[in-house]
Amino acid sequence: MEPTKIVEDGLLLRPWRADDAEAVYRACQDPDIQRWTTVPRPYRPEHAHGFVTDFAASAWRDGTGAPFAVCDAATGELLGSCGLVALDTRLGSGEVGYWTAPWARGRGVTTRATRALARWAFDVLKLRRLSWQAEVGNHASRLVALRAGFRVEGRLRLADPVPGGRSEGWIGSLLPGEVPAPGEPGPAGPGTLEARRAAVFGRPQPVLFATAGVTELRLRPMEESDLDAIVQTCRDPETIRWTTVPDPYERSDAESYLGFVRDTFAAGTNACYVFTGPDDRYAGSIDLRLSPGDPLLAEVGFMALPEARGRGFMPAALAALCTWGFTTLGLARIEWRAHVGNTASRRAAEKAGFSVEGTARGGLAHRGERVDAWVAALLPGDLT
């Protein structure tokens, strides 16, 4: 396959040259590129030289890929990398891969480059399908894919992560006719709910604060140091009675729970917080689970260490987390459900501002059977 150039929307996509090696080396020192891509670590000058000469040339020559340097069309400055990998013209498919140089971010460079690449792939190579993959948690790459017209279709188990990465990946596809025209905002643009949440879940989990009487509470991510207290909480008869925690509850269950809450925050589907007093010791935990079917809806669940109960900690932590959900995640409704009879949970929810709306018959699954559930909701205006 003959190397070519693409000019579109202020960008020049051209084949790599030997004199790009210095800029590639500088770009690939960036922590985000090293975190989310498979570039060698540490990244040395010889890696950059090999990429722009041997790797790029052989991909074009063998027809296995179409790697492009993304440059400013007016100045020629190198801005990033965007190309096709796993190219199979016989099957009419290819996978898109990209990175943005740190000095070029925030300008829509890679979205524009991906759209231009996709148009060329469909119009010139006559491909019938493009795919995109990224490790779950790489929200920046996901936003680029969405803005370029890709439909994120699911998650790929046992994906090929970078060293130390997660073993699940997002996967999406793009078909001819689905690429937004140059200048079109496309989906997931700046200010959209998708973009707002990517900015939250694509960064370390923030710390929140609340006040219970004269006690300041800290809501922070769960840590390994919390596991013994979680085991204690989940072995308490009241926790076992009203929740679906494993019984008996072992240390391995707490370790699995820690992995779950980290993975679901990275995926942008759940925000689990531990709340602590001034000593920063675990007093309880609270989950804000986003609905997979309604982007404006979430549900809360919580539990408290036995000796931390009855001190007003839970209502304060619940109100703080829900406020964050409304103001930062853009939620419109947060629901609470509990077994009919779980008066302690209901009291905490009502003190936090939730209004009980009724009873859902068979509303909860509990240890092999359906049980009736109280249902309550909190709206943004309820906290003012």
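One distance of note links CZ of Arg128 with CG of Leu175; it measures 9.0 Å at 0.5 Å rounding. The CZ atom of Arg367 lies 5.5 Å from the CG atom of Asp247; values are rounded to the nearest 0.5 Å. One finds the CZ atom of Arg337 at 14.5 Å from the CZ atom of Arg346 (value rounded to the nearest 0.5 Å). Considering CD of Glu194 and CZ of Arg147, their distance stands at 9.0 Å, rounded to 0.5 Å. Atom CZ in Phe201 sits 5.5 Å away from atom CZ in Phe265 (nearest 0.5 Å). How far CG of Leu331 is from CG of Leu290: 6.0 Å, rounded to the nearest 0.5 Å.
Aromatic ring centres of Phe68 and Trp120 lie closer together than 6.0 Å.
Ring geometry for Tyr257 against Phe260 counts as parallel: the plane angle stays under 30°, on a 0 to 90° scale with 60° as the upper cut.
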Do any side-chain atoms of residues 79-89 form donor-acceptor pairs under 3.5 angstrom with protein atoms, and if so which ones, sequence neighbours left out?
unit_1, atom_1, unit_2, atom_2, d
Asp88, OD1, Arg90, N, 3.0
Asp88, OD1, Leu91, N, 3.0

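Not one N or O on the side chain of Thr111 forms a donor-acceptor pair closer than 3.5 Å with the backbone of Gly108. Using modelled atom types, one side-chain atom of Arg197 and one backbone atom of Leu329 make a donor-acceptor pair closer than 3.5 Å.
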**Study point:** Residues Asp228, Arg251; criterion salt bridge (Lys or Arg N to Asp or Glu O under 4.0 Å); working and verdict
**Key:** CA-CA 7 Å; Asp228 288 341; Arg251 170 83 180 195; 2.4 Å; yes
Exercise for review: Begin from the C-alpha positions of His139 and Trp36 and carry the test ring-ring contact (aromatic ring centres under 6.0 Å, His included) through to its verdict.
Suggested key: CA-CA 10 Å; His139 289 271; Trp36 297 113; 8.4 Å; no
Exercise for review: Show your working on salt bridge (Lys or Arg N to Asp or Glu O under 4.0 Å) between Arg105 and Asp30 and close with a plain yes or no.
Suggested key: CA-CA 12 Å; Arg105 291 176 186 157; Asp30 176 67; 2.7 Å; yes
Check your understanding: Please walk me through it: do Glu250 and Arg235 pass salt bridge (Lys or Arg N to Asp or Glu O under 4.0 Å)?
Key -> CA-CA 9 Å; Glu250 306 295 342; Arg235 287 179 176 175; 3.4 Å; yes
Exercise for review: List the steps and the verdict of side-chain contact (heavy atoms from CB on, under 4.5 Å) for Glu335 and Glu357.
Suggested key: CA-CA 10 Å; Glu335 294 181 346; Glu357 298 175 335; 5.6 Å; no
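Salt-bridge annotation for Glu135 and Arg35: present, with a side-chain N of the basic residue lying under 4.0 Å from a carboxylate O of the acidic one. For Arg14 and Asp20, the salt-bridge test passes: some basic side-chain N is under 4.0 Å from an acidic carboxylate O.
Counted within 6.0 Å of CZ on Arg370, heavy atoms from surrounding residues, nucleotides or ligands total more than 12; the atom is thus considered enclosed.
Cluster membership check: Leu127 shares its hydrophobic cluster with Leu174, using side-chain heavy-atom separations under 4.5 Å among Ile, Leu, Val, Met, Phe, Trp and Tyr. By the rule that hydrophobic residues join a cluster once side-chain heavy atoms approach within less than 4.5 Å of another member, Leu296 and Leu378 end up as members of separate clusters. Leu364 and Val340 end up in different hydrophobic clusters when Ile, Leu, Val, Met, Phe, Trp and Tyr side chains are linked at under 4.5 Å.
Checked options Pro42, Pro40, Cys28; the residue passing with His47 is Pro40 (criterion: side-chain contact (heavy atoms from CB on, under 4.5 Å)).
What you find for Asp253 and Pro248 is that their closest heavy atoms are OD2-O, 3.8 Å. In terms of heavy atoms, Asp287 sits closest to Cys272 at OD2-CB, 3.2 Å. Minimum interatomic distance between Ala23 and Leu78 (heavy atoms only, all atoms of both residues): CB-CD2, 3.5 Å. Considering every non-hydrogen atom in both Ala210 and Leu219, the closest pair reads CB-CD1, 4.3 Å.
Thr110 and Thr100 are linked by a side-chain donor-acceptor pair at a separation below 3.5 angstrom, with hydrogens and angles left out of the test. Using a 3.5 Å distance cut-off with no hydrogens or angles, the side chains of Thr276 and Asp280 do pair a donor with an acceptor. Looking only at atom types and distance, the side chain of Trp132 has a donor-acceptor partner in the side chain of Ser141 under 3.5 Å away.
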